[in-house]
Number of protein chains: 2
Amino acid sequence: MPSTAEFAETAALIGDPARANMLIALMDGRALTATELARVAGITPQTASGHLAHLTEAGLLAMTRQGRHHYHRLASADVARMLESIMSVTAGRRPLPARPARTVTGPRDAALRRARTCYDHLAGQLAVAMADRMIARGEIELSPDGGALSEGGAAFLSGLGVDLEAAHADAMRRGGGRIFCRPCLDWSERRPHIAGAVGAAMSRAWFAHGWLRRIEGSRAVTLTRSGEMALGTAFDLGLGEQAA
Amino acid sequence: MPSTAEFAETAALIGDPARANMLIALMDGRALTATELARVAGITPQTASGHLAHLTEAGLLAMTRQGRHHYHRLASADVARMLESIMSVTAGRRPLPARPARTVTGPRDAALRRARTCYDHLAGQLAVAMADRMIARGEIELSPDGGALSEGGAAFLSGLGVDLEAAHADAMRRGGGRIFCRPCLDWSERRPHIAGAVGAAMSRAWFAHGWLRRIEGSRAVTLTRSGEMALGTAFDLGLGEQAA
DNA sequence: ACGATGCTTCGGCGATGGCCGAAGCGTTGC
DNA sequence: GCAACGCTTCGGCCATCGCCGAAGCATCGT
């Protein structure tokens with residue numbers, strides 16, 4: 001069992017504002033360079049370097065060198081889950097303590113709320129809407145303790161080119177069981193969406209099919225023309241109103 | 001969505017050694033007084049009081065007054081899950097960095113490793129053994145993304161007096177779905193056991209039947225005579241060798 | 001009513017740790 | 001090769017925050 005000192009050290013590492021900003025920036029699953037992370041955190045590269053060394057040492061980040069660039073990413077899905085749970089607790093405390101107007105909008109925030117990545121899966125209105133449709137059709141179930149695909153849900157996703165075999169292998173070492181997924185609370189929507197191995201497989205499939213594209217330098221993603229067609233039909237999304 | 005500053009504040013709150021010790025002490029789900037928590041953290045009551053005020057303010061703890069005693073407990077299962085995930089990440093980093101001998105034993109540690117509470121469910125060798133038996137019989141499935149009871153598992157637990165209706169209501173607002181549970185990594189065993197609503201219901205049932213009893217002033221619990229009989233039979237536990 | 005107990009607030013001390021400027025390596029590209 | 005770039009290490013400044021002693025407020029017991 002980890003000593004209480006190590007436990008506190010992990011949390012303290014996350015608890016510094018600069019480091020927290022870096023970790024949150026990495027929650028979309030990409031790997032960023034030290035300088036990029038310094039910009040995100042609003043500090044100089046030399047300060048960021050120290051922070052990154054600590055985070056890597058503690059096993060929260062993993063680093064791969066590519067020429068003179070050092071790419072940092074979250075060390076594991078476990079770390080992403082942990083950050084997500086801290087997010088969840090933080091989000092669930094005070095409704096409106098002081099400033100009720102700051103939370104509202106922002107120009108590029110609109111794109112983020114619409115669709116974005118969350119480590120290895122999708123979040124935002126789009127992801128919540130997909131989860132809602134699948135729940136309504138009985139294709140998936142989500143609860144605070146976990147979730148699972150029904151037979152129909154597995155068939156539906158397979159038909160869309162989602163590799164459930166890989167997802168299954170990811171999640172369960174032994175074969176033959178249920179295909180589990182995991183709910184992930186969406187901060188902007190305050191509703192669960194599909195995470196875990198299934199959510200990751202769905203995200204991979206949409207990107208592979210060219211239905212989804214990353215927006216440069218942001219966690220936000222956008223539906224392509226073909227994505228609107230395919231996913232709009234498959235998930236019954238009312239995509240008429242926003243001609244982006 | 002929570003600001004990154006609030007996110008960092010939550011983590012920083014957990015990151016102080018004294019506060020971390022208090023939070024870990026509360027992970028067994030009990031409510032402790034300020035003075036007790038001060039002792040746990042190795043600080044004076046006035047310092048503890050400040051810490052507890054901050055933790056309560058941030059929504060990590062809840063406080064109920066009973067005469068001159070102030071009882072503090074974790075504010076929600078969400079907080080417990082968060083602490084657990086931090087534990088998990090912390091545990092999963094360095095195998096044996098420096099001292100290979102310190103992790104080993106300890107007199108009262110033996111009882112803790114055998115069986116203890118973990119917020120609202122059970123952990124330790126006993127809990128892992130129960131989970132193993134149920135998995136082997138196909139009564140339950142556990143994966144990193146979640147878990148579920150099979151029909152047989154539900155029948156088995158119902159026969160042991162576990163109130164799955166209540167667990168089900170706990171976990172799912174809507175009726176009619178699968179009964180999910182959640183895996184929880186055991187630090188001493190490094191193996192998953194049954195958490196979530198099902199795990200909580202099991203724990204409640206064992207205590208209600210008098211099969212399990214808390215050890216005073218510790219997270220450890222002990223099997224009673226009748227508990228050895230009932231659970232030993234139901235879960236096929238090899239209880240011959242340790243005549244406690 | 002009185003002292004004892006549990007908890008809290010206040011004030012000041014001390015240390016941990018984040019921050020940057022400057023300088024030192026390694027890689028890339030001209 | 002040299003210059004530019006990315007990252008790291010080193011040194012010292014400064015703020016934050018945890019800590020306790022002392023004192024103040026509630027509650028319980030006699």
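Order of the sequence lines fixes the chain letters, A, B, ..., with proteins taken first and strands second; residue numbering starts at 1 for each chain.
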### Query
Distance only, no hydrogens: is a donor on one side chain within 3.5 Å (strictly under) of an acceptor on the other, for A:S143 and A:D145?
no
Output the rounded distance in Å from [atom1] ([X]) to [atom2] ([N]).
X: B:H72; N: C:dG6; atom1: NE2; atom2: C1'; value: 11 Å
X: A:H51; N: C:dT16; atom1: NE2; atom2: C1'; value: 14 Å
X: B:H69; N: C:dT5; atom1: NE2; atom2: P; value: 12 Å
X: A:E36; N: D:dC5; atom1: CD; atom2: C1'; value: 14 Å
X: A:I14; N: C:dG18; atom1: CD1; atom2: C1'; value: 17 Å
X: B:H54; N: D:dC19; atom1: NE2; atom2: C1'; value: 13 Å
X: B:Q46; N: D:dA26; atom1: CD; atom2: P; value: 19 Å
X: A:L55; N: D:dT8; atom1: CG; atom2: P; value: 12 Å

Within the pair [X] and [N], is there a side-chain N or O less than 4.0 Å away from OP1 or OP2?
X: B:T47; N: D:dC20; result: yes
X: A:S49; N: D:dT8; result: yes
X: B:R19; N: D:dG18; result: yes

### Task
Taking the side chain as every heavy atom from C-beta outward, state whether A:Y119 and A:M27 have any atom pair closer than 4.5 Å.
no
### Query
So, do B:V162 and B:W206 sit near enough that their side-chain heavy atoms are less than 4.5 Å apart?
yes
#### Entry: B:C118 versus B:R219, closest heavy-atom pair with distance
CA-NH2, 4.0 Å
### Task
Select from A:G42 and A:G67 the residue whose nearest nucleotide in DNA chain C is closer to the 5' end of that strand.
A:G42
### Message
Assuming nearest nucleotide by heavy-atom distance, tell me which of A:A12 and B:H70 is located more 5' along DNA chain C.
### Response
B:H70
### Task
Name the nucleic acid region contacted by B:A53, choosing base, sugar-phosphate or nothing; use a 4.0 angstrom heavy-atom cut-off, strictly under.
nothing
### Task
Assign A:R65 to base, sugar-phosphate, or nothing according to its heavy-atom contacts below 4.0 angstrom with the strands shown.
nothing
From C-beta outward on [X], which listed nucleotide comes closest to its side chain: [options]?
X: A:M63; options: C:dT8, D:dT8, C:dC19; answer: D:dT8
X: A:R68; options: C:dT28, C:dC20, C:dG6; answer: C:dT28
X: B:A18; options: C:dG6, D:dC19, C:dT28; answer: D:dC19
X: A:D16; options: C:dC19, D:dA22, D:dC19; answer: C:dC19

Under 3.5 Å, side-chain donor or acceptor atoms of residues 36-53 of chain A against the rest of the protein: list the pairs with distances, not counting sequence neighbours.
residue, atom, partner, partner atom, Å
A:E36, OE1, A:T33, N, 2.8
A:E36, OE1, A:T33, OG1, 3.3
A:T44, OG1, A:Q46, OE1, 3.4
A:T44, OG1, A:T47, OG1, 3.1
A:H51, ND1, A:R19, NH1, 3.1

